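All of these numbers come straight from a predicted model, not from anything done at the bench.
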Amino acid sequence: RRPPPRPPERPCEISSNMESSNENPRPPRRRCSPSPSPLFLVLLVTCALWRLSPAADDVGGPLPPEEDPLFDPFYVRSTEFLQHMAHAEGYDDAAAARNAVPPAERRKRVRRTKRRLRRLRHAAGDGNSTRATPRRRMLQAAWRPSAPPRVPGAAPPPAVRLPIYARGGSHVIYLYVGSSRQRISVILDTGSHFTSFPCAGFCRGDSCGKHEDSYFDPLGSQTGRTVPCGRCRWTGLAHCVGAPTWTEAAGEGHVCEATQKFTEGSSWTAVEYEDEVSLGDEKGIVEGGDLGARFTFGCQLRETGLFRTQFPDGIMGMAMHPSSFPSRLYKAGAVPNTTFSLCLSRSGGTINLGGGAIDARGPMAFTTMRRYYGWYGVSVARMHVGTREIVQGMEGFARGKGTILDSGTTDTFLPESIAAPFKLAWKASTGKKYSTSNVEYTFEEFSKLPHITFTMIDGLKWTLENYDYMEPKKDDDSRKPWKGTKKWISRLYVDERNGAVLGANAMLHRDVFFDAEAGVVGMARADCDY
C-alpha cells in the first residue's frame with residue numbers, strides 16, 4: 001500500500017551564530033517551528049474555558065466555616081480533612097467512607113476537594129489576586145455558611161416547645177410511632193446520631209430488657225416498612241444481612257442491620273425501619289398540629305449493658321447528621337431550620353425546636369463549634385476551680401474527640417491530665433480531699449464549694465455551680481438551708497483519657513442552643529420548667 005502523503009514542511013529560518021571559541025563561524029542552523037497537534041489545541045482551549053468558567057464542584061455547597069484550619073496547607077492531609085470529606089459524602093466517619101468508595105473514585109474525590117479548597121482559599125482573599133471578578137464574587141458567596149453567625153442575644157424564638165421528662169436519671173421525650181400512634185419514650189442524646197428502640201417480633205426471647213412502654217409493634221402500623229438492602233440510610237454503620245426469620249415484620253430477603261456501641265460498654269443492634277414518627281408529651285400529640293416526619297429508626301434485636309436496665313424505651317440521637325430527627329423535621333417542612341435548644345433541670349425541662357428558650361434570664365453568649373459534623377464540640381481555653389486557674393494538663397481538653405456536649409451522659413468527665421492540679425485546687429478551696437463518694441456537708445460548708453468555670457476560645461464562660469455538679473444522696477433538689485449534715489456525691493469525674501464530656505449536669509438550669517447551620521453553640525441561664 002502507498003503510504004499517506006506527508007504534509008508540506010513549513011519554511012524554516014536559516015540562522016547562523018558567528019560566536020565560537022576559535023572565532024570561526026559555525027555552520028548555519030535550521031530553526032523550525034513545528035505546527036501544534038489538533039489534540040494539543042483542543043486541550044489548550046478546554047483548559048482555558050475551564051479556568052474562566054465556574055466549575056461544577058466549586059458550587060456544590062458551602063464548606064464548614066473554619067477560617068484557619070481550612071486554609072492550612074497541612075489541613076488536606078489531616079484527620080479533620082478526611083472526616084470532613086466523609087461527612088460531605090454522607091458517611092458517618094472516614095473509615096466508613098474508605099470502605100464504601102472504590103480506590104479510584106476515592107482518589108478522584110480527594111483531588112476534587114483539594115482543588116475546591118485551593119479555589120476557596122483564593123476567593124477568600126488568600127491568593128495572589130485581589131481583583132473582584134465575577135468568578136471571585138461567586139466563590140466568596142459559596143464560601144459563606146448557610147446561615148449568618150449568631151450574635152449575643154440573637155437566638156430566634158422557638159417554632160415548637162415541648163416538655164422534657166426526668167425518667168430513671170435521664171432526660172426523655174415521647175414519640176408517637178406509626179399509624180397506630182404507639183407511644184415510645186427515648187433519651188435525648190446529643191452524643192449520638194441514630195434513634196432506636198425495641199420492636200415486637202424483633203427482640204427474640206430476653207435479648208431486650210423491660211422498659212416504660214410496651215415494645216413497638218410494626219404489624220400494627222399500616223405505614224411502616226423495613227429499609228431494603230441497597231438503600232441503607234445509616235451509611236458506614238449498617239450492612240446487609242438476611243431478614244430475621246423469627247418475625248413477619250422484617251419481611252423477606254435482606255435488611256440493613258447496624259450495631260452501635262457506647263463508651264461505657266453498652267450497645268444495641270437493630271434493623272433499619274421506616275415509619276411516621278411524631279413528637280408529643282406524655283399524654284399524646286401536641287396541640288396545634290402533628291409535628292412529625294417519615295423517619296428511619298432502628299428496631300432493636302439486642303440490647304446490652306445499660307440499655308437493658310434503663311427505664312426509657314430507647315434513645316434518640318440529636319448529633320449533627322442527615323439521619324437525625326431535627327434534620328428530618330426540617331426536610332419535611334415541619335420546622336423552619338435544624339436548630340434546637342435543650343433547657344434541662346433535675347425534674348425535666350423543655351426542648352425548643354427551631355430556636356432557643358423564651359424564658360432565658362439574660363442574653364445568650366455563643367462559642368464556635370470545633371467541628372461541623374457529628375458531635376457538638378467546643379474548645380476550652382481556660383479552666384478555674386473557684387479563683388484558682390488550672391494550667392497544667394489543659395491540652396487534654398483537645399485530645400482525641402475534644403470536648404463535647406453530651407446530654408445522654410448524666411455526669412461530666414474531665415481529662416485525666418488535669419487530675420492532679422484539679423485535686424490540689426479543690427483541697428486549697430475547700431480544705432477537704434476531692435472524692436466522688438458520699439461526703440457529708442453542712443449547709444455552710446456546701447455553700448463554700450467552688451464554682452467550676454470553663455472559658456471557651458470565644459470568651460464564653462460556662463460556670464458549674466455546686467448544685468450542678470453535686471447530687472444529693474436522696475432525691476432532693478431543694479436549695480433551702482438544712483440543719484446538721486447532708487450527704488452529697490460529686491458527679492464530676494477527672495478520668496477521661498481522650499478529651500472531655502460536658503454531660504447533662506453541666507447543662508442544668510441553662511438554655512443550650514445548638515445551631516449547626518451557623519456552626520455555634522449558645523448558652524444562657526434560664527428557667528427550664530415547662
field: Considering all heavy atoms, the nearest Glu212-Ser185 contact
entry: OE1-OG, 3.0 Å
message: I want to know whether Tyr165 and Tyr174 have ring centres closer than 6.0 Å.
response: yes
- line: side chain to side chain contact (heavy atoms under 4.5 Å, CB included) test vs Met318 passes for just one of Ile351, Thr195, Asp189, Ile187, namely Ile351
task: Any chance you could lay out the side chain to side chain donor-acceptor pair (under 3.5 Å) test for Arg491 and Thr412, step after step, and finish with the verdict?
output: CA-CA 6 Å; Arg491 295 299 185 183; Thr412 291; over 6 Å; no
message: Applying salt bridge (Lys or Arg N to Asp or Glu O under 4.0 Å) to Arg233 and Glu272, what does each step give before you reach the verdict?
response: CA-CA 8 Å; Arg233 305 286 194 272; Glu272 287 189 19; 5.6 Å; no
- request: Indicate the atoms forming the closest heavy-atom contact of Cys528 with Arg510, along with that distance.
  value: SG-N, 3.9 Å
field: Non-hydrogen side-chain atoms of Thr269 and Glu257 separated by less than 4.5 Å
entry: yes
message: Less than 4.0 angstrom from a charged side-chain N to a carboxylate O is my criterion; do Glu274 and Arg231 meet it?
response: no
- prompt: Between Glu276 and Arg294, is the closest basic N to carboxylate O distance under 4.0 Å?
  reply: yes
query: Is the Phe297-Phe194 ring centre distance short of 6.0 angstrom?
result: no
field: Cys256 and Cys229 SG atoms less than 2.5 angstrom apart
entry: no
field: Residue pair Ala500 / Phe397: nearest heavy atoms and the distance that separates them
entry: CB-CD2, 3.8 Å
field: Check: Val241 and His254 side chains under 4.5 Å, non-hydrogen atoms
entry: no
- request: Evaluate side chain to side chain donor-acceptor pair (under 3.5 Å) for Thr304 paired with Ser267, printing each intermediate quantity in order.
  value: CA-CA 5 Å; Thr304 64; Ser267 66; 2.6 Å; yes
- prompt: Do Ile164 and Leu342 have side-chain heavy atoms sitting under 4.5 Å apart?
  reply: yes
task: Find out whether Phe366 and Phe513 are in side-chain contact, i.e. whether some heavy atom of one side chain is under 4.5 Å from a heavy atom of the other.
output: yes
message: For the residue pair Asp515 / Thr339, report whether a side-chain donor-acceptor contact shorter than 3.5 Å exists.
response: no
- request: Measure the shortest side-chain to side-chain distance between Leu329 and Leu279 over non-hydrogen atoms and say whether it is less than 4.5 angstrom.
  value: yes
- prompt: Taking atom types as modelled and ignoring hydrogens, do the side chains of Ser179 and Thr223 form a donor-acceptor contact shorter than 3.5 angstrom?
  reply: no
- prompt: Side chains of Ile418 and Val494: does their closest heavy-atom pair fall under 4.5 Å?
  reply: yes
message: When you compare the side chain of His509 with that of Leu344, does any pair of heavy atoms fall below 4.5 Å?
response: no
query: Quick check: are the SG atoms of Cys240 and Cys232 less than 2.5 Å apart?
result: no
message: Evaluate Glu303 against Lys210 for salt bridge (Lys or Arg N to Asp or Glu O under 4.0 Å), listing each step before the verdict.
response: CA-CA 11 Å; Glu303 293 176 324; Lys210 294 181 179 180; over 6 Å; no
Derivation of the salt bridge (Lys or Arg N to Asp or Glu O under 4.0 Å) call for Arg399 and Glu416: CA-CA 11 Å; Arg399 190 173 298 157; Glu416 63 178 4; 5.6 Å; no
- prompt: Under 6.0 Å between the ring centres of His211 and Phe197?
  reply: no
task: Verify whether one side chain among Arg328 and Tyr330 offers a donor that lies under 3.5 Å from an acceptor in the other.
output: no
query: Rounded to the nearest 0.5 Å, what separation is found between the OG1 atom of Thr367 and the CZ atom of Phe454?
result: 13.5 Å
Residue pair Phe202 / Val271, side-chain heavy-atom distance below 4.5 Å: yes
- request: Inspect the surroundings of CZ in Arg497 and state if more than 12 heavy atoms from other residues, nucleotides or ligands are less than 6.0 Å away.
  value: no
field: Nearest-0.5 Å distance, OG of residue Ser196 to CD of residue Gln260
entry: 8.5 Å
